[in-house]
Amino acid sequence: MYRVLIIDDEEPLREAIHILGDWEGLGVSEVREATDGKAGLELLRRERFDLVLVDMKMPELSGAELLQIAEQEFPDLLLIVISGYNDFEYTRQAIRSKVVDYLLKPVNRTDLNHALRKAVGVLEAKRKRESEFISRNITLNMSLPKLKEKMYLSIIDRSFKTQSNEAFLPLIGADGAASYFAVGLLRMLNLEQVRKERFHGDRDLLHFAVTNVMNENTDGQFESFSFASPKGEREFIAIFTMKGGYEADAAFLSLHHMKKAASTLKELFGIICAGGIGEPCSDSLSIAASYEQAKASLDTIDLLSLRGCLIVQGIVMNPVVKDIPSLTGRMPQIRSALEGGNVNHARSILSEFIRKCQETEGFTLGEADRTLQGFLLLLGEIAAQLNAMPPQIRSGKDSSLAALGILSDFSSFEQFAGVLNDIFDRYAGEISRTVAGDRSSVLENIKAYIDNHYFEDIKISMFTEQYFLSREYLMKLFKGQYGYGIHEYVQKVRMDKAKALLRDPALKIQDISEMLGYKDKNYFSKAFRNYYDCSPSEFRLQLPGVEK
């Protein structure tokens, strides 16, 4: 099934295309609309579409300008141009941008569906190519050489023992021959989306396809050996080996190979990559240092300016000191707001943090990763302390984004902010419900205590200390629940009891005063008069059967 986007500022034309297109027959599952070029570009950057129909003359951003941007940012996107102007400049830009077809207004059913069928044919051919590519490589190579992978990983984590593993060194080209090694680290920024849409959720099949692309097009002199990183399934490690030559050649070939692999992955599977490459080394044990440089290179990629695939070689030796906002420092405020039931205020604190990050000189992938991990951990701790863990992870120990049902892909700052908000929503909802339930229970307990101890000297501090709530907040909650302040409710209960006791002629007013907790009869009489606009004695005289 395919997704189509119509970009046109004329509503009648958009509606006509909706009506005239044979969408079901062409296997189109969804048709979306954008009212101008700028809105269309924003939608393309947020979501994935297979085909776009674009008008050439639009406000904000013209079709010609949109085609130029799409050629750079979405090279695999298929486009059909619609124009009411038989203008050579428009036609030339369309040809340059390799559009599928060019339609003139008014669009008719025959021409539209002919162009759509042509586009769907291209899409079907591409999908068939992808399927054949995967099947061919599975047949040729069913598994990775686990021993080689294990050796590289032991070198990377610095646990490799040369003496005990000397016999295996030729396996990685470290047998004394003049060789250079370099490490590349490739990160799949939309891995979960691709795994779901292109590989039916099969992680192993996706890993196999990626590593085969990364290992392609090498020869006996320059080779690439890649495998999924055990530290994160969206990252793949590539070890580049070059026999002979110069260090500069090894650096150039490694960068070229990584860029080519990233381009192929985008073309075949729609995978968006970011990568880092470490410096070449002649000692196999220095692969660990090259890996650390590759990781540092990847982590320093600026998420604010990231658009599409990007491979970085080398690291910033003297990074600019930036004033990065701290989410950890805002967590006490977020917790206080959530405990107080003010989810919107807690969300505004998070939104302010996101805005501050967006205003910095740069916000890197590494900073984004640390922020997500820290936020997930701190919110989890708050939820655990409040016994408010989300139901998805309540029964298990896995508190990862996947366990929470959150798609952790992000290839832009906006998507990163979306993941942060998703994490907040999962925890805030459960914390809010739990705190609301606890709060209701607290208020019921306070009311029950007053009902049973109205004759005692009741102070609000008794409850604030017991339930760890501020005086103002507790009074506000109680009045919101019952319509009375705590002091008002104590007075109400006493006065209700007073009326009931005064109906018994055998009880003296002094006795009733003491039973209600008033040590002074006159004070009780004054309080009763203020409440009922008559004295206790006058109230008794008004009772039926009492002699006037």
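Any value given below was found using the heavy atoms of this structure, including those in side chains, with hydrogens, waters and symmetry copies removed. Keep in mind the model is a prediction, meaning the values are calculated, not measured.
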| How would you list, by chain and number, every residue that makes a salt bridge (Lys or Arg N to Asp or Glu O under 4.0 Å) with D425, sequence neighbours excluded? |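 So D425 forms a salt bridge (Lys or Arg N to Asp or Glu O under 4.0 Å) with R347.
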| request: Applying salt bridge (charged side-chain N to carboxylate O under 4.0 Å, His left out), run through E47 and R3 and close with a yes or a no. | output: CA-CA 10 Å; E47 302 182 31; R3 300 183 75 224; 2.8 Å; yes
Side chains of [X] and [Y], heavy atoms from C-beta outward: is any pair under 4.5 Å?
X	Y	answer
V122	L51	no
F375	L350	yes
R32	E30	yes
F225	I237	no
L189	F410	no
I271	L191	no

Do the side chain of [X] and the main chain of [Y] share a donor and acceptor less than 3.5 angstrom apart?
X	Y	value
S336	P332	no
H257	M214	yes
S290	E279	yes
T364	E367	yes
R14	D8	yes
R335	L379	no
D101	I80	no
N190	Q193	no

Just checking, is any N or O donor in the side chain of [X] or [Y] under 3.5 Å from an acceptor N or O on the other one?
X	Y	value
R234	S408	yes
N215	S226	yes
E65	S62	yes
Q415	S411	yes
Q313	S297	no

Look at [X] together with [Y] and state whether they make a salt bridge at an N to O cut-off of under 4.0 Å.
X	Y	value
D369	R187	yes
E267	K126	no
E73	R45	yes
K295	E235	yes
D422	R426	no

| request: Decide yes or no on salt bridge (charged side-chain N to carboxylate O under 4.0 Å, His left out) for R195 and E192, but give the supporting numbers first. | output: CA-CA 5 Å; R195 183 171 64 193; E192 293 183 32; 5.0 Å; no
Least distance between heavy atoms, [X] atom then [Y] atom:
X	Y	value
I354	A417	CG2-CB, 3.8 Å
L79	L77	CD1-O, 3.5 Å
F353	P325	CE1-O, 3.5 Å
A288	I155	CB-O, 3.3 Å
Y2	D50	CA-OD2, 3.3 Å
A39	D36	N-OD1, 2.7 Å

[X] ring center near [Y] ring center (under 6.0 Å):
X	Y	value
F363	F416	yes
F227	H207	no
F181	F240	no

| query | Just wondering, more than 12 heavy atoms not from E359 lying within 6.0 Å of its CD? | reply | yes
| said: Other residues, nucleotides and ligands only: do more than 12 of their heavy atoms fall within 6.0 Å of NZ on K266? | reply: yes
| query | Cation over ring, K243 on F222, under 6.0 Å and within 45°? | reply | no
| salt bridge (charged side-chain N to carboxylate O under 4.0 Å, His left out) between R158 and E292, intermediate numbers included | CA-CA 11 Å; R158 301 182 186 275; E292 290 161 3; 3.0 Å; yes
| said: Return the CG to CZ distance between L66 and F74, rounded to the nearest 0.5 Å. | reply: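 The distance works out to 8.5 Å.
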